[in-house]
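Below is one structure. I have some questions about it.
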Number of protein chains: 2
Amino acid sequence: MRYKIKYMAINKSNIFPEEVQELAALAKALGHPARIAILQALAQKQSCICGEIVEILPLSQATVSQHLKALKEAGLIKGEVEGVKSCYCLNLEYLEKMSPLLNQFFKNILTPGCC
Amino acid sequence: MRYKIKYMAINKSNIFPEEVQELAALAKALGHPARIAILQALAQKQSCICGEIVEILPLSQATVSQHLKALKEAGLIKGEVEGVKSCYCLNLEYLEKMSPLLNQFFKNILTPGCC
DNA sequence: ATCTTATATCGCAAATATACGATTAATGTT
DNA sequence: AACATTAATCGTATATTTGCGATATAAGAT
């Protein structure tokens, strides 16, 4: 009978370069159809809609709320309470900062030379 | 004593529009620093490197292999065996197709009008 | 004050992702 | 044939994500 030393599933994300982490975090937030759809919905409506999103998406209120939270925590959207309702809108500052960075990432990657 | 009917965590991703799913799938693949770093490494080296990636990344061989598999299955990279070694490179077709789509997504979202 | 409405959060189940050691498979080398 | 090297895969532990019902909270309406 012998012991097995057990490794643990430590999160190693934070040992990558800051800029790499930033891109990955953005991508992660975009990495679910519901969240893409939420961003599109927020952009389409002129005003910042709230629970209307729940009606648009084929998901429960609880689940939509969760996705909104994820988007908010990642910085893609902002949210504020307006009476009973809760009003979300795109975080333009963040998105306008990150969009070119992501684009630059692809540009850098797609320079001829590879393969 | 009464039963609780238990809902199951069905994956609802596939009921979103095709184009939304496509973007989300791309983003999901990019949603980890290791995978961003792998793509950058593949782009930097002229030739398609293989196990060199393992040396660059602060992760075990098994883990890197797993990330490579994820990138391959998502279509971002291609891989082929070359003797003992295994050689990966960017899937330029896919990336050159998706980069503008992602860019367009941001453009659509960032049209003035919201909030 | 009670009732309704809107949304966040809790608690749970299930699925997926992350990480690695150990092993396997397949090729190259001696 | 035996050994070394490379990389995929298996098995496992743990963490995170996805999803929803139920509940809590807080504001508005009656």
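Both backbone and side-chain heavy atoms feed into the values below; hydrogens, waters and symmetry mates do not.
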Quiz item: For B/Ile38 and C/dT18, what is the distance between atoms CD1 and C1' respectively, to the nearest whole Å?
Solution: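 My rounded result for the distance is 13 Å.
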
Self-check item: Short side-chain N/O contact from A/His67 to OP1 or OP2 of D/dG19, under 4.0 Å
Solution: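 For A/His67, the contact criterion (side-chain N or O under 4.0 Å from OP1 or OP2 of D/dG19) is met.
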
Quiz item: Could you give the distance from CD (B/Glu96) to CZ (A/Phe106), rounded to the nearest 0.5 Å?
Solution: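 It comes to 11.0 Å.
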
Exercise. Starting at atom CG of A/Asn14, determine the distance to atom C1' of D/dA15, rounded to an integer number of angstrom.
Key: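 Distance check: A/Asn14 CG to D/dA15 C1' gives 14 Å.
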
Practice problem: Determine, for nucleotides 5-10 of chain C in 5'-to-3' order, which nucleotides have protein heavy atoms under 4.0 Å from the base (write B), from only the sugar-phosphate (write S), or from neither (write -). | Solution: BSBBB-

Quiz item: Can you name the closest pair of heavy atoms from B/Ser60 and B/Val54 and give their distance?
Solution: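 Closest heavy-atom pair between B/Ser60 and B/Val54: C-CG1, 4.5 Å.
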
Quiz prompt | Partner residues of A/Ser99 under the side-chain hydrogen bond (donor to acceptor under 3.5 Å, both in side chains) criterion, sequence neighbours left out | solution =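 Once residues adjacent in sequence are excluded, A/Ser99 has no partner under the side-chain hydrogen bond (donor to acceptor under 3.5 Å, both in side chains) criterion.
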
Quiz item: Mapping A/Val81 and A/Ser60 to their closest nucleotides on DNA chain D, which lands nearer the 5' end?
Solution: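 Nearer the 5' end of the strand: A/Ser60.
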
Practice problem: Under the side-chain hydrogen bond (donor to acceptor under 3.5 Å, both in side chains) rule, collect the residues that match up with B/Ser86, sequence neighbours excluded. | Solution: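 None.
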
Quiz prompt | Whole-Å gap separating C1' (D/dA8) and CD (B/Glu80) | solution =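 One finds 16 Å between C1' of D/dA8 and CD of B/Glu80, rounded.
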
Quiz item: Using the ring of each side chain (for Trp, its six-membered ring), is A/His32 parallel, tilted or perpendicular to B/Phe16, with breaks at 30° and 60°?
Solution: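 Rings of A/His32 and B/Phe16: perpendicular, as their planes differ by over 60°.
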
Quiz prompt | Spacing of B/Glu82 atom CD relative to C/dA25 atom C1', expressed in whole Å | solution =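 In whole Å, C/dA25 C1' lies 18 Å from B/Glu82 CD.
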
Quiz item: In chain order, what residues pass the side-chain contact (heavy atoms from CB on, under 4.5 Å) check against A/Gln40, with sequence neighbours excluded?
Solution: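 By the side-chain contact (heavy atoms from CB on, under 4.5 Å) rule, A/Gln40 matches A/Ile36, B/Glu19, B/Val20, B/Phe105.
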
Self-check item: Interatomic distance where CG belongs to B/Leu59 and P belongs to C/dA17 [whole Å]
Solution: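 Rounding to the nearest Å, CG of B/Leu59 and P of C/dA17 are 17 Å apart.
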
Quiz item: Starting at NZ of B/Lys12 and ending at P of D/dG19, how long is that distance when rounded to a whole Å?
Solution: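 Distance check: B/Lys12 NZ to D/dG19 P gives 8 Å.
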
Practice problem: With sequence neighbours excluded, tell me which residues meet side-chain hydrogen bond (donor to acceptor under 3.5 Å, both in side chains) with B/Gln66. | Solution: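 Once residues adjacent in sequence are excluded, B/Gln66 has no partner under the side-chain hydrogen bond (donor to acceptor under 3.5 Å, both in side chains) criterion.
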
Quiz prompt | Strand contacts (DNA chain D) in residues 16-35 of chain A, 4.0 angstrom heavy-atom criterion | solution =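 Correct list: A/Lys28, A/His32, A/Arg35.
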
Exercise. Determine the minimum heavy-atom distance between B/Leu95 and B/Leu76, stating which atoms define it.
Key: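 Scanning both residues completely, I find the closest heavy atoms to be CD1-O, 3.8 Å.
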
Self-check item: Minimum heavy-atom distance between A/Pro33 and B/Ala24, given as atom pair plus value
Solution: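 Closest heavy-atom pair between A/Pro33 and B/Ala24: N-CB, 3.4 Å.
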
Self-check item: Whole-Å distance separating the CD atom of B/Glu55 from the C1' atom of D/dT6
Solution: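 Value for this atom pair: 12 Å.
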
